[in-house]
Undergrad: 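Before anything else, here's the structure in question.
Since the model is a prediction, treat every value here as computed from it, not as a measurement.
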Amino acid sequence: MSTITLNGKPTQLQAEPDTPLLWLLRGELKLTGTKYGCGMALCGACTVHVDGQPVRGCVTTLASAEGKAVTTIEGLSGPEARAVQAAWVKLDVVQCGYCQSGQIMTAVALLAKNRQPTNADIDAAMSGNLCRCGTYPRIREAIHEAARALSA
């Protein structure tokens with residue numbers, strides 16, 4: 001039995017230590033906002049936060065999350081989350097939406113560290129998140145919009 005703090009609540013999971021968080025979140029816990037994309041940590045669709053850091057749920061094991069705080073898109077909160085979510089809506093970022101939970105999780109982590117990111121900062125932070133629809137310009141502008149809202 002392993003224990004993590006999931007979206008602010010202590011959660012016990014019975015699974016092999018090498019089980020990817022993504023499988024537990026989606027299959028066991030029915031938190032389907034975190035998406036399966038590539039299974040190799042290349043696309044970012046499965047991004048969750050572990051102790052506030054964005055990680056790929058498809059390659060992050062239960063053992064590596066033991067005793068840590070895991071946040072999914074369903075549990076995302078705080079000023080950065082509200083600012084990013086509002087900016088995403090305001091700028092109509094989403095097209096198909098499949099990658100967007102990973103995009104949002106990564107953007108929130110960026111703004112938690114850097115409230116005034118440059119284009120280069122945004123590009124570097126978001127580089128591991130792929131969008132087949134090509135909404136990158138809207139994502140970048142939404143992050144700038146969220147940064148402006150946070151500084152207001």
Undergrad: Only counting residues at least two apart or in another chain, list the ones meeting side-chain contact (heavy atoms from CB on, under 4.5 Å) with Ala41.
TA: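 Only Arg56, Cys58, Val59 meet the side-chain contact (heavy atoms from CB on, under 4.5 Å) criterion with Ala41.
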Undergrad: If we only count heavy atoms from C-beta on, is the Thr19 to Leu24 side-chain gap below 4.5 Å?
TA: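 Of all side-chain heavy-atom pairs linking Leu24 with Thr19, at least one is under 4.5 Å.
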Undergrad: For Ala112, which residues count as a side-chain contact (heavy atoms from CB on, under 4.5 Å) partner, sequence neighbours excluded?
TA: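 By the side-chain contact (heavy atoms from CB on, under 4.5 Å) rule, Ala112 matches Glu80.
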Undergrad: If I take atom OG1 from residue Thr34 and atom CG from residue Leu21, how far apart are they, to the nearest 0.5 angstrom?
TA: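 Those atoms lie 9.5 Å apart.
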Undergrad: Which residues pass the side chain to side chain donor-acceptor pair (under 3.5 Å) test with Glu66, sequence neighbours left out?
TA: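 Per chain and number, Glu66 pairs via side chain to side chain donor-acceptor pair (under 3.5 Å) with Ser2.
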Undergrad: Which is it for Val55 and Val48 under the side-chain contact (heavy atoms from CB on, under 4.5 Å) test, yes or no, and what are the steps along the way?
TA: CA-CA 6 Å; Val55 301; Val48 296; 3.8 Å; yes
Undergrad: I'd like to check the side chain to side chain donor-acceptor pair (under 3.5 Å) partners of Gln95; sequence neighbours left out, ordered by chain and number.
TA: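 Partners of Gln95 under the side chain to side chain donor-acceptor pair (under 3.5 Å) test: none.
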Undergrad: Using a side-chain heavy atom cutoff under 4.5 Å and only I, L, V, M, F, W and Y, what cluster partners does Met40 have?
TA: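 Members besides Met40, by chain and number: Leu42.
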Undergrad: Going by the rule side-chain contact (heavy atoms from CB on, under 4.5 Å), which residues pair with Ser64 if we only count those two or more places apart in sequence or in a different chain?
TA: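 Once residues adjacent in sequence are excluded, the partners of Ser64 under the side-chain contact (heavy atoms from CB on, under 4.5 Å) criterion are Thr60, Thr61.
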Undergrad: Less than 3.5 Å apart, any donor N or O on the side chain of Lys113 or Gln53 sitting next to an acceptor on the other?
TA: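 Distance-only check passes for Lys113 and Gln53.
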Undergrad: Distance check, rounded to the nearest 0.5 Å: Gln12 atom CD versus Met1 atom CE?
TA: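 Answer rounded to 0.5 Å: 5.0 Å.
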Undergrad: For residues 140-152, dump all side-chain donor-acceptor pairs below 3.5 Å to protein atoms at least two apart in sequence or in another chain.
TA:
| unit_1 | atom_1 | unit_2 | atom_2 | d |
| --- | --- | --- | --- | --- |
| Arg140 | NE | Asp123 | OD1 | 3.2 |
| Arg140 | NH2 | Asp123 | OD1 | 2.9 |
| Arg140 | NH2 | Asp123 | OD2 | 2.7 |
| Glu141 | OE2 | Arg148 | NH2 | 2.8 |
| His144 | NE2 | Asn119 | OD1 | 2.6 |
| Glu145 | OE1 | Arg148 | NH2 | 2.9 |
| Glu145 | OE2 | Lys90 | NZ | 2.9 |
| Ser151 | OG | Ala147 | O | 3.4 |
| Ser151 | OG | Arg148 | O | 3.0 |

Undergrad: Looking at residues at least two apart in the chain, or sitting in another chain, which of them share a side chain to side chain donor-acceptor pair (under 3.5 Å) with Ser127?
TA: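 With neighbours one apart ignored, the set is empty.
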Undergrad: With sequence neighbours left out, write down each residue that passes side chain to side chain donor-acceptor pair (under 3.5 Å) with Gln100, or none if nothing qualifies.
TA: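 So Gln100 forms a side chain to side chain donor-acceptor pair (under 3.5 Å) with Trp88.
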Undergrad: Name all pairs fulfilling the ring pair (Phe, Tyr, Trp, His ring centres under 6.0 Å) condition that reach into residues 1-23, sequence neighbours left out, sorted by first residue then second.
TA: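 Every ring pair (Phe, Tyr, Trp, His ring centres under 6.0 Å) pair that includes a residue of residues 1-23, provided the two are not neighbours, is Trp23-Tyr36.
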Undergrad: Can you name the side-chain contact (heavy atoms from CB on, under 4.5 Å) partners of Lys35, sequence neighbours left out?
TA: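 So Lys35 forms a side-chain contact (heavy atoms from CB on, under 4.5 Å) with Arg26, Ala45, Tyr98, Ser101.
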Undergrad: Apply side-chain contact (heavy atoms from CB on, under 4.5 Å) to residues Leu62 and Ile4 and explain how you reach the verdict.
TA: CA-CA 9 Å; Leu62 177 58; Ile4 62 173; 4.3 Å; yes
Undergrad: To the nearest 0.5 Å, what is the distance between CG on Leu76 and CE on Met105?
TA: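 Nearest 0.5 Å value for the CG-CE distance: 5.0 Å.
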Undergrad: Return all side-chain donor-acceptor pairs below 3.5 angstrom for residues 128-137, not counting sequence neighbours, or 'none' if the list is empty.
TA:
| unit_1 | atom_1 | unit_2 | atom_2 | d |
| --- | --- | --- | --- | --- |
| Asn129 | OD1 | Thr106 | OG1 | 3.1 |
| Asn129 | ND2 | Gly44 | O | 3.4 |
| Asn129 | ND2 | Gly102 | O | 3.2 |
| Asn129 | ND2 | Thr106 | OG1 | 3.4 |
| Tyr136 | OH | Cys131 | N | 2.7 |
| Tyr136 | OH | Cys131 | O | 3.4 |

